[in-house]
Amino acid sequence: PPQGEPLTFEHVNEMDTMHYCVKEAIRMFPPLILLMRKAKVDIPVGDYTVPKGDIIMAAPGVSMRLPQKDGGFSNPDAFNPDRYVAPLNEGKEKYHYIGFGGGLHACMGERFGFLQVKTILSVLFRTFDVE
């Protein structure tokens, strides 16, 4: 919003660049260390089968830093918020981006979390000179 104009929900939702910056920060430094799920049925994974009852674990901090050839992101150790928009459009395939978990047990507060962070950053940037 223009300087002096109050910040609104609509303004925050229009902050695409900030959204992608926050998303990229979470991809690089996720708050979740480990995601665990119990296999309810046998799950084929390549040449291996995860038996029913086994615990499956995923580490977002590792999986979201996999190179693109492994189904991850191009130049995964670089901060690049533009990776989420054309022409790259990375992280759109199911479970490539798991900053808030995934599937049925994904964090239901993801949208609220983004809203909070974007609001706080917007107020900070409008109030202070950041160097």
Side-chain angles (χ1 to χ4, degrees):
Q3 194 65 22
E5 190 175 311
L7 184 65
T8 66
F9 179 74
E10 289 76 23
H11 290 138
V12 175
N13 279 334
E14 292 171 1
M15 297 178 182
D16 293 334
T17 301
M18 189 178 302
H19 181 83
Y20 297 131
C21 287
V22 173
K23 186 172 183 171
E24 182 69 346
I26 291 171
R27 182 194 68 82
M28 294 187 75
F29 307 101
L32 301 171
I33 296 170
L34 200 60
L35 302 171
M36 298 189 319
R37 302 289 184 261
K38 185 174 185 177
K40 294 189 176 206
V41 296
D42 289 350
I43 303 170
V45 180
D47 295 335
Y48 182 78
T49 298
V50 177
K52 175 183 176 179
D54 275 10
I55 302 294
I56 302 168
M57 295 184 281
V62 174
S63 63
M64 292 192 295
R65 293 260 185 136
L66 292 173
Q68 203 163 31
K69 66 180 178 62
D70 296 323
F73 296 89
S74 63
N75 199 7
D77 292 328
F79 183 84
N80 179 13
D82 293 330
R83 70 174 72 245
Y84 302 105
V85 294
L88 295 176
N89 289 319
E90 295 181 2
K92 294 193 186 287
E93 290 189 40
K94 193 172 186 176
Y95 304 120
H96 276 205
Y97 181 86
I98 54 172
F100 288 84
L104 292 174
H105 301 284
C107 177
M108 61 190 296
E110 178 176 359
R111 292 179 66 191
F112 180 67
F114 276 115
L115 176 69
Q116 273 188 310
V117 172
K118 291 188 315 188
T119 300
I120 291 166
L121 289 174
S122 178
V123 170
L124 287 173
F125 294 149
R126 292 175 73 193
T127 306
F128 300 102
D129 291 327
V130 180
E131 295 182 20

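Residues: numbered from 1 along the sequence shown.
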All N/O donor-acceptor pairs, side-chain side in residues 39-50, below 3.5 Å, sequence neighbours left out:
residue	atom	partner	partner atom	Å
D42	OD1	K52	N	2.7

I'd like a table of donor-acceptor pairs (distance under 3.5 Å, sequence neighbours excluded) in which one partner is a side-chain atom from residues 120-131, with atom names and distances.
residue	atom	partner	partner atom	Å
R126	NH1	E5	O	3.4
R126	NH2	E5	O	2.5
T127	OG1	V123	O	2.6

Show me the donor-acceptor pairs within less than 3.5 Å that the side chains of residues 58-66 make with the rest of the protein, sequence neighbours left out.
residue	atom	partner	partner atom	Å
S63	OG	A59	O	3.3
R65	NH1	D77	OD1	3.1
R65	NH2	M28	O	2.9

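Remark: L34 CG is packed, more than 12 non-hydrogen atoms of other residues, nucleotides or ligands lying under 6.0 Å away.
No single ILVMFWY cluster, assembled from side-chain heavy atoms under 4.5 Å apart, contains both Y20 and L88. If you chain together hydrophobic residues whose side chains sit under 4.5 Å apart, M18 and F112 fall into the same group. With hydrophobic clusters built from ILVMFWY side chains whose heavy atoms lie under 4.5 angstrom apart, F9 shares a cluster with L7.
Between the CD1 atom of I26 and the SG atom of C21 there is a distance of 11.5 Å, given to the nearest 0.5 Å. The CG atom of L115 sits 11.0 Å away from the NE2 atom of H19 when rounded to the nearest 0.5 Å. Rounding to the nearest 0.5 Å gives a distance of 11.0 Å between NZ of K23 and NZ of K118. Rounded to the nearest 0.5 Å, atoms CZ (R37) and CD1 (I55) are 10.5 Å apart. Annotation: the span from I33 atom CD1 to M57 atom CE amounts to 13.0 Å, rounded to 0.5 Å. The structure places CZ of F29 at 9.0 Å from CZ of F79, a figure rounded to the nearest 0.5 Å.
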Handout entry: From CA spacing to verdict: side chain to side chain contact (heavy atoms under 4.5 Å, CB included), E10, N13
Key = CA-CA 5 Å; E10 289 76 23; N13 279 334; 5.8 Å; no

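Nearest heavy-atom pair across L35 and L32 is CD2-CD1, 3.6 Å. Nearest heavy atom pair, residue N75 against residue R83, reads O-NH2, 3.3 Å.
Not counting sequence neighbours, the partners of S74 by the side-chain hydrogen bond (donor to acceptor under 3.5 Å, both in side chains) test are E90. For Y97, the side-chain hydrogen bond (donor to acceptor under 3.5 Å, both in side chains) criterion is met by no residue, not counting sequence neighbours. Every ring pair (Phe, Tyr, Trp, His ring centres under 6.0 Å) that F100 has, sequence neighbours left out, goes to F114.
In this structure, R27 contributes its side chain and P76 its backbone to a donor-acceptor pair below 3.5 Å.
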